[in-house]
There are 2 protein chains.
Amino acid sequence: MPDPQRTRGSYAKGIAKREEILERALEVVAREGMRGASVRELADAVGLSQAGLLHYFDSKEELFTEILRKRDEIDLAERLGAGTDVQEGLHRVVRHNSEVPGVVALFSRLSVDAADPQHPAHAFFLERGERLRASIAASFRRRQEAGEIPAAADPEVLARIVQAAADGLQLQWMLDPDLDMADTLDALFVALTRPSEDAS
Amino acid sequence: MPDPQRTRGSYAKGIAKREEILERALEVVAREGMRGASVRELADAVGLSQAGLLHYFDSKEELFTEILRKRDEIDLAERLGAGTDVQEGLHRVVRHNSEVPGVVALFSRLSVDAADPQHPAHAFFLERGERLRASIAASFRRRQEAGEIPAAADPEVLARIVQAAADGLQLQWMLDPDLDMADTLDALFVALTRPSEDAS
DNA sequence: GTCTATATGCTGATAGAC
DNA sequence: GTCTATCAGCATATAGAC
């Protein structure tokens, strides 16, 4: 198991290969979904034997966790610039998600499994959730100061609700792909916004 | 496989037994969670052999689907009276859910699996969602007419959001049981409510 | 109607050759 | 670093005795 910290020596190539595997696996999952979510089928898809693939990851669960981590990395780079507004960024990510049902399925599936504190993805989901909510809450705090959101609302709680809605909409969407997740999430933001005061 | 419609003849006892199995299984799942979610362990828990249990259900998936149906039946009878306000009823159900983590885990797990149209729970989740949203939407419509909710909001969309938030909060709660799902859901209802006009 | 016993197929994981 | 070969475990499902 290569140590991600190491960058010298023979590990460098291993790390590069690992990243390559993850990118490839992410594409496969996005396209093919979770039908062949076994290590064996994923190994075939990325051009390795099952044992060859598991050489890079401790277990199946760790492999899938790392795939999701890679997904976040790409989302951050491609859909969430440093200067992007939170609502806009969220909209873009969710819009993109509706083009990769397999990734949504993997995320949802692992969300459930990771409830077990022993699961390799447990810490990942905890930290990811905190980061996401902190970002959303900060945005709400700014909008609150600008008077766009009622002062009585707790930005942390609103952030929780937005995250929950986003995750829950994925469950609904997997059941019924006609649902537009991005639009519905926008509607939530609108509903949380104080009606403008201009009487016309 | 007993036909649930039949009530005469030798089937009557079979149906009663089936209901008894479901109630017992629900209790087991609520208490022990999904650790022993195999048919074998569930069979042991309800005092049958694996084959004996599968005599009443076509498959494991159908069994779990029926457990959730039984759960809804009990929720409806015990926590959602005919005259109960939707928000209040939802609060009660969610509050109760936080005492049965295993049921929440089963529900979430099956929500994901049921995305597959072939899954026995697919229709169940579709119909359940529609029913739930219709009920929530009707409540919002009434509150809208009473002026408590902005007229511009679409009750159907708001209902979707509430359902999504409820489901998503379960995922967050399984990860971090300190979260109060019922209170957070209440906060959503409050946030969707138009600030009262009384200037003080 | 319920049991025991078993068939069959998959899974993730490992050992060891190269 | 990657492979082939193999393992033990567990799943669902069925056959047939009682």
Side-chain angles (χ1 to χ4, degrees), chain A residues 1-4 6-22 24-25 28-29 32 34-67 106 109-110 113-114 116 118-121, chain B residues 1-4 6-22 24-25 29 32 34-67 106 109-110 112-114 116 118-121:
Chain A
M1 177 63 22
D3 179 345
R6 279 291 286 272
T7 49
R8 292 176 313 159
S10 61
Y11 279 165
K13 193 190 166 195
I15 295 168
K17 175 86 180 184
R18 195 180 135 116
E19 293 304 302
E20 188 196 312
I21 289 172
L22 286 175
R24 185 96 184 75
V28 171
V29 168
E32 315 249 333
M34 285 202 56
R35 233 162 313 160
S38 74
V39 175
R40 213 165 231 111
E41 302 224 26
L42 203 48
D44 288 352
V46 302
L48 281 174
S49 71
Q50 190 230 20
L53 178 53
L54 278 187
H55 171 72
Y56 291 94
F57 306 91
D58 284 337
S59 67
K60 175 199 187 175
E61 292 169 338
E62 199 220 311
L63 164 59
F64 282 129
T65 307
E66 293 306 311
I67 291 177
L106 174 60
R109 158 74 62 126
L110 229 57
D113 294 347
D116 179 357
Q118 302 304 317
H119 194 284
Chain B
M1 176 64 21
D3 179 348
R6 280 289 289 272
T7 49
R8 292 177 312 161
S10 62
Y11 279 166
K13 193 191 169 195
I15 295 168
K17 176 85 180 185
R18 195 181 134 114
E19 294 303 303
E20 187 195 315
I21 290 173
L22 286 176
R24 184 97 184 74
V29 168
E32 316 247 332
M34 288 201 54
R35 232 162 315 160
S38 73
V39 175
R40 204 164 239 108
E41 302 223 26
L42 203 48
D44 289 352
V46 302
L48 282 175
S49 72
Q50 189 231 21
L53 177 54
L54 278 187
H55 170 73
Y56 291 95
F57 305 91
D58 285 335
S59 67
K60 176 198 189 180
E61 291 169 337
E62 199 219 311
L63 164 59
F64 282 130
T65 306
E66 293 306 309
I67 291 178
L106 174 61
R109 160 73 63 127
L110 229 57
V112 175
D113 293 349
D116 179 357
Q118 302 305 316
H119 194 284

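Convention: sequence-line order gives letters A, B, ...; per-chain numbering from 1.
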**Complete:** When rounded to the nearest 0.5 Å, the distance separating CG of A/Leu63 from CG of A/Leu22 is 7.0 Å
**Prompt:** Are B/Thr65 and B/Phe57 side-chain neighbours, meaning at least one heavy-atom pair lies under 4.5 Å?
**Reply:** no
**Asked** Along nucleotides 3-18 of chain C, 5' to 3', which nucleotides get a B, which get an S, and which get a -, given that the test is a protein heavy-atom distance under 4.0 Å?
**Response** BB-B----BBBBB---
**Request:** Not counting sequence neighbours, which residues clear side chain to side chain contact (heavy atoms under 4.5 Å, CB included) with A/Ser38? List them please.
**Result:** A/Arg40, A/Glu41
**Fill in**
Looking only at heavy atoms, the pair that brings A/Ala25 and A/Ile67 closest together is CB-CD1, 3.7 Å
**Request:** Give the dot-bracket string for DNA chain D, reading 5' to 3', where a pair is Watson-Crick or G-U wobble with both distances under 3.5 Å, ( ) marks pairs inside the strand, [ ] marks pairs crossing earlier ones, | marks a partner on another strand, and . marks unpaired.
**Result:** ||||||||||||||||||
**Message:** Tell me every residue that passes side chain to side chain contact (heavy atoms under 4.5 Å, CB included) with B/Glu61, counting only those two or more places apart in sequence or in another chain.
**Reply:** B/Ser59, B/His119, B/Pro120
**Prompt:** Within this structure, what is the CD-to-C1' distance between B/Glu62 and D/dT12, rounded to whole angstrom?
**Reply:** 14 Å
**Fill in**
Rounding to 0.5 Å, atoms CG (B/Leu54) and CD (B/Glu62) come to a distance of 9.5 Å
**Request:** Name all residues meeting the salt bridge (Lys or Arg N to Asp or Glu O under 4.0 Å) criterion together with B/Glu20; count only those two or more places apart in sequence or in a different chain, and write none if there are none.
**Result:** none
**Qualifying residues under salt bridge (Lys or Arg N to Asp or Glu O under 4.0 Å), relative to A/Asp113, sequence neighbours excluded** = B/Arg109
